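Since the model is a prediction, treat every value here as computed from it, not as a measurement. Just so you know, residue 1 is the first one in the sequence shown, and it goes up from there.
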Amino acid sequence: MKLWIVGFSITAALLTASCGGKVDEMRQVAENVKELSKAGENMEKANQANEAKREERRKRGDTLAMPYQELQKYLPESVSGYTAQEPSGSTMNMTGMSYSTTSRRYTKSAADGAEESVEVTIIDYNASSELYTGMTAFWGTNFSMEDQNGYQRSFDAGVKDVAGWEHYDKQNKSSDITTALGGRFILTVKVTAQPNNDLAKSIVKSMKLSELAAK
């Protein structure tokens, strides 16, 4: 992956040069090559670390997804100002695959009577590493993008072995944070009727991220 990114960037630089690009533009391209190379190295290191953790789990016989009843213990008991609903969940095991998920909604009524909600979901990909890697490959690379509709960018929860992604929809005023924990779990927090991602971030940071990432 890293080599592909660097190769693509160098090709772009050469094309710019052949078209008579200015020196300062070439310098910027060179800087972009360095940043992309660094991102590729970070992705490679993260994948290696996740694979090492998976191997540790395999050695101690931890090869299946956690039962959803256990996952539910990591959901927030409450969210300030919201009423917690009953959690839901399911676990699926079959040859070569194990998958578990749980979620919980928290709701309140706005001044106009509309429902506002928080939804927290945890998925255990312990025996589905390809799905996990495919979803999280670019997280933690300091990527960001913004336009008139909203923004999305990497999110740092400040916790070891946790990489995140945040998205905000300016039109619908909806917020969501997704975090990858320890090469195994995906945690998503979605919140409606928000001016920014602050509430979603605070909910994520209030959860037992370190404990999940260490499993």
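With contacts defined as side-chain heavy-atom distances shorter than 4.5 Å, the pair Thr121/Thr102 does not qualify. Side-chain contact between Ile177 and Thr188: absent, with no pair of heavy atoms (C-beta onward) separated by less than 4.5 Å. The closest side-chain heavy-atom distance from Phe185 to Leu71 is below 4.5 Å. Here the side chains of Asn149 and Lys170 are not in contact, with every heavy-atom distance at 4.5 Å or above. Side-chain contact between Val191 and Asp176 is absent, with no heavy-atom pair separated by less than 4.5 Å. With contacts defined as side-chain heavy-atom distances shorter than 4.5 Å, the pair Ile186/Ile122 does not qualify. Here the side chains of Gln152 and Glu146 are not in contact, with every heavy-atom distance at 4.5 Å or above. Using a 4.5 Å cut-off on side-chain heavy atoms (C-beta onward), Leu75 and Tyr106 make contact.
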Check step by step if side chain to side chain donor-acceptor pair (under 3.5 Å) holds for Thr192 and Ser174. CA-CA 5 Å; Thr192 63; Ser174 62; over 6 Å; no
Val204 vs Thr179, side-chain contact (heavy atoms from CB on, under 4.5 Å): CA-CA, chis, key distance, verdict: CA-CA 8 Å; Val204 169; Thr179 51; 4.1 Å; yes
List the steps and the verdict of salt bridge (Lys or Arg N to Asp or Glu O under 4.0 Å) for Lys215 and Glu70. CA-CA 13 Å; Lys215 287 191 175 295; Glu70 290 296 315; over 6 Å; no
Would Gln72 and Met66 count as a side-chain contact (heavy atoms from CB on, under 4.5 Å) if you check the C-alpha gap in whole Å, the side-chain angles of each, and the deciding distance to 0.1 Å? CA-CA 10 Å; Gln72 287 176 350; Met66 184 185 299; over 6 Å; no
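Remark: side-chain polar atoms of Asn197 are not paired, donor with acceptor, to backbone N or O of Ser175 under 3.5 angstrom. Remark: side-chain polar atoms of Asp198 are not paired, donor with acceptor, to backbone N or O of Lys201 under 3.5 angstrom.
Here the CD-CG distance, from Gln194 to Asp169, works out to 12.5 Å after rounding to the nearest 0.5 Å. Ile203 contributes atom CD1, which lies 10.0 Å from atom OG of Ser80 (distance to the nearest 0.5 angstrom). Remark: Asp124 CG to Thr101 OG1 distance equals 9.5 Å, nearest 0.5 Å.
We find that Glu211 and Lys73 are not joined by a salt bridge, their nearest charged nitrogen and carboxylate oxygen being 4.0 Å or further apart.
Scanning all heavy atoms of the two residues, the minimum distance from Pro76 to Val120 falls at CD-CG1, 4.0 Å. For the pair Lys160 and Ala213, the tightest heavy-atom approach, listed with the atom from each and the gap, is O-CB, 3.9 Å. Closest approach of Ser100 and Pro67 over heavy atoms only: OG-C, 3.7 Å. Summarising the geometry of Asp112 relative to Ala114, their closest heavy-atom pair is OD1-N, 3.0 Å, with the distance given to 0.1 Å. Closest heavy-atom contact between Ser144 and Arg153: CB-CB, 3.5 Å. Residues Ala157 and Lys205 share a closest heavy-atom pair of O-CE, 4.3 Å.
For the 3.5 Å distance criterion, the side chains of Thr107 and Thr83 fail to qualify, holding no donor opposite an acceptor.
Crowding of Lys208 atom NZ: a count of heavy atoms from other residues, nucleotides or ligands under 6.0 Å not exceeding 12. Residue Gln171 qualifies as enclosed at atom CD: its count of foreign heavy atoms under 6.0 Å is above 12.
Partners of Lys173 by salt bridge (Lys or Arg N to Asp or Glu O under 4.0 Å), not counting sequence neighbours: none found. Looking at residues two or more places apart in sequence or on another chain, you find no salt bridge (Lys or Arg N to Asp or Glu O under 4.0 Å) involving Lys190. Legend: residues meeting side chain to side chain contact (heavy atoms under 4.5 Å, CB included) with Gln148, ordered by chain and number and at least two apart, are absent. For the salt bridge (Lys or Arg N to Asp or Glu O under 4.0 Å) test, no residue two or more places apart in sequence or in another chain qualifies with Arg104. Residues passing the salt bridge (Lys or Arg N to Asp or Glu O under 4.0 Å) test with Glu119: none are found, sequence neighbours excluded.
By the rule that hydrophobic residues join a cluster once side-chain heavy atoms approach within less than 4.5 Å of another member, Val189 and Leu212 end up as members of one cluster. Under the 4.5 Å side-chain heavy-atom criterion for ILVMFWY residues, no single connected hydrophobic cluster contains both Tyr68 and Ile123.
In summary, the aromatic rings of Tyr99 and Tyr125 are positioned with their centroids under 6.0 Å apart.
Other cluster members for Tyr168: Tyr151, joined by side-chain heavy-atom distances under 4.5 Å among Ile, Leu, Val, Met, Phe, Trp and Tyr.
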